[in-house]
Structures are given as C-alpha cells and as structure tokens.
Amino acid sequence: MASNTASIFSSDMSWQDCFELGQQLFEMEDYNNTKVWLRESMERLRRHSSHAHSQQTPTSGPDTLTLNKMEATAKSLFQLGDFDTAFELSQRVLQFDPKRIRNWHLGDKGTAPPEDIDDGYLPKHTDSYNLSEEFAQYEKVCRGEVHPIARQELRCRYSRGSHPYRYLAPLKLEEHSLDPYVATYHDMLSPRKISQLREMAVPRMRRSTVNPLPGGQHKKSAFRVSKNAWLAYESHPTMVGMLRDLKEATGLDTTYCEQLQVANYGVGGHYEPHWDFFRDPNHYPEEEGNRIATAIFYLSEVEQGGATAFPFLDIAVKPQLGNVLFWYNLHRSLDKDYRTKHAGCPVLKGSKWIGNVWIHEVTQTFARPCDVFRDHEVSLEYEIIK
Ligand SMILES: O=C(O)CCC(=O)C(=O)O
Ligand SMILES: [Fe+2]
C-alpha cells in the first residue's frame, strides 16, 4: 500500500512515516491495519540499514525515544496475541540496541516508562458511522475523488472586502461554493508572521480534545488526532492583524471570537467529519451566540493528504501557506447549516499547521442580515447520517 501511494504521488514514505501510521492505527484500535503498517515499517527499516551497511555508510538508526516506542508497541502487540509483529519489532529494537535484552529479562522494571497516561479517552465514531455512506463520501473527498458539477457560477476574483483600503490592496478571493458560502482568501499571512505564530504556540501545545457534553470533561478522541494551543489575540500584533484582516475581508465584526486555536497534525493526524457550530446552546455563552463562521489560516503546506474536506459539498481544500479558508456555519436566519459538515483529512506525509478563528453570531446583524424568509430548510436533511 505504501508503495502504491508512492507510485501515485511519486514520493516515497520512510520507515518512520509507516511506523507513525501504524502507531496511530494502534491508538484507534484498528489492529489489522496496525499490523500491515508496522510490518511495512520494519521491513523498510531493515532494508534501509542493510543498504547503509553494504555501502559502508554510517546509518542513523532509530533514536532512544523511537526505540522506546517500538519496544512498548511490541509489548502491547504481544499481549494482544499478535506474536509475529511483536517479534518483528523486537528484532529491530535489538538490532539497534542489543543491551535491551537484559531489561526484558527483568520484566516491567526494565521497560521504558509509558509516554503519557491516558485518563479519559473516547473511541472513534461508532462502527455504524464508519460504515455509513457519509463516511465513504468523506474518504472519497479526502482522496481527491471529487466531481465538480455545475460550478460555473464560481469565480476567482479580486475582492475589495468591506474596507476602503482594499481598493488599493484588493484581496485574492477563490469561491468554492456560494450556498453555503465557502471561499479562500489567498496570501493573507506572510511566512515571517506564520513562524512567529508557530513559535508562540509550540510551548503550549497539548493533545486536542473534544467535549461532547456541555460542562462535561474534555476528552482525547481517536476522531480528532492532533495537538493544539489557544492564544489570546491581544498578546501579539500579528494576531490582532489577523482579526483586522478578517473583518476587512468578510465585513464581520470580530469582537466576539474565541481565542486563536493553533493546531498541528502529524502523519496520520486527522479530524473526522463534524460541525463547528454547537448543537447545544449550553456550550456557548448566550451573550455571544453560536459560531456563525469559521476561518482557517493555513500555517503550513502538507506534502500529501491533510486537505480540509466538505463531504456534502464535494470540496477538498489543500492547505496552502498563508491562505485563509472561510465559511459560514449558520444560515442567515442563524439556524444551523448542516451542509457545512467538514473534516481535516488524514495527513499522509509531512505535518499540517492551522490557526482556527471562530467568529460568533452576536453583533453581525448589519454585516449579515437575515432574509425575509427563514432559509434553513435546505440543510435539514443533512443532519441525519445516511
Ligand atoms: O484541519 C482541518 O482542516 C479542519 C479543522 C477543523 O475543522 C477544526 O479544527 O474544527
Ligand atoms: Fe471544524
């Protein structure tokens, strides 16, 4: 499979990439696929090291941390009864650090400490969701199997947004869908500002969580595999500027936004289909209202995978450094627009960084007035999983 992917995209996956994928799958309790990827990874590591040996070039084997992970994974696989894969992993560990055999004879006292104790952990979506048409469609869109139909009305154009300054410096706008409205603003953040943001976020990054119940505990979940940090806009002029630019572009008032959420996905990282609006009013402050719109600032590109996908709209947006993907989560009537279900597709190669801005509904009355008629019915059928 790894070589198939490589032949399509003409780039190869390293043994570390395959190992990372295997580990993610293990975390998701997908043991059949775990086995395939871990074995592929070990085979590649074996080939990599024997090639280096035959060329008489010094090879940099796995570092201590990786060896610890390999050892811990082998142990878990052994306990699950997958002796062959456990054996294969152990062989590679011993190849690079033969002294470890002594620890194994000492039992638990000698093994590497677990990296992170998981207290609350939610499984992936239910099996029935993974078998649904909707999920199959999500996977298709992530693979780039989209069928652009009747999109003649969509344009790439210069936009003056809502500020006179933008007559001099118009924005580069690419429309993906008019109803619901989904668009990209190109070149909104310079590489220098992106580096600043990422540097500010790194020390605060923690494993992302989801919170299914209002007031409930935030939990790690296999349907959202990433790390994130929250940054206060006022803490740096770059972030103040991001809100100002968004306001100029969209006309929306950015007074009521959550803090900036910087997120990072490694290989295998993803965020399965979800809505950004809250379904339960207890989840958001009444005086701010629900999340009317989302703006994703792309803080990196991704070599393979990692698109933002809208399964119902047949849209997959590839991260492009400095671009902003913007959409409305609510109808003009402020009803939830169920067509806006979206996902962060799995990263296959590289690393993905984004900055999420969530703009709330209060104070947008003049920027986005409602129509004479309530316009929510078109999206109701998308609430139900098929
Ligand atoms: O990673 C992406 O492209 C989407 C992220 C997202 O939907 C979210 O953080 O709510
Ligand atoms: Fe989202």
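Remember, predicted model here, so these are calculated numbers, not experimental data. Start at 1 and go down the list; that is how both ligands and their atoms are numbered.
Excluding waters, the protein N/O/S atoms found under 2.8 Å from the Fe ion (ligand 2) are H274 NE2, D276 OD1, H342 NE2.
L178 and Y158 fall into different hydrophobic clusters, where Ile, Leu, Val, Met, Phe, Trp and Tyr are joined by side-chain heavy atoms under 4.5 Å apart, directly or via other members.
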Might you work through the salt bridge (Lys or Arg N to Asp or Glu O under 4.0 Å) test for R291 and E258, ending with a clear yes or no? CA-CA 9 Å; R291 290 168 168 174; E258 288 156 61; 2.7 Å; yes
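Between the side chain of T340 and the backbone N or O of L330 there is no donor-acceptor pair closer than 3.5 Å. Of the possible donor and acceptor atoms, none in the side chain of Q364 sits under 3.5 Å from a partner among the backbone N and O of L252.
Residue pairs meeting the disulfide bond (SG atoms under 2.5 Å apart) criterion with at least one partner in residues 345-376, sequence neighbours excluded, are C142-C345.
In this structure, a donor-acceptor pair under 3.5 Å is present between the side chains of E134 and Y129. A side-chain donor from one of S49 and Q95 sits under 3.5 Å from a side-chain acceptor of the other. Neither side chain, D371 nor H331, offers a donor N or O lying under 3.5 Å from an acceptor on the other.
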Run through all N or O atoms in ligand 1 and write down each protein N or O closer than 3.5 Å, as a pair with its distance.
residue, atom, partner, partner atom, Å
ligand 1, 1 (O), Y265, OH, 2.6
ligand 1, 1 (O), K352, NZ, 2.8
ligand 1, 3 (O), T308, OG1, 2.5
ligand 1, 3 (O), K352, NZ, 2.7
ligand 1, 7 (O), H274, NE2, 3.0
ligand 1, 7 (O), H342, NE2, 2.9
ligand 1, 9 (O), N356, ND2, 2.9
ligand 1, 10 (O), H274, NE2, 3.1
ligand 1, 10 (O), D276, OD1, 3.2

Got a list of side-chain donor-acceptor pairs under 3.5 Å for residues 191-201, not counting sequence neighbours?
residue, atom, partner, partner atom, Å
S195, OG, P191, O, 3.0
Q196, OE1, T238, OG1, 2.6
R198, NH1, L299, O, 3.1

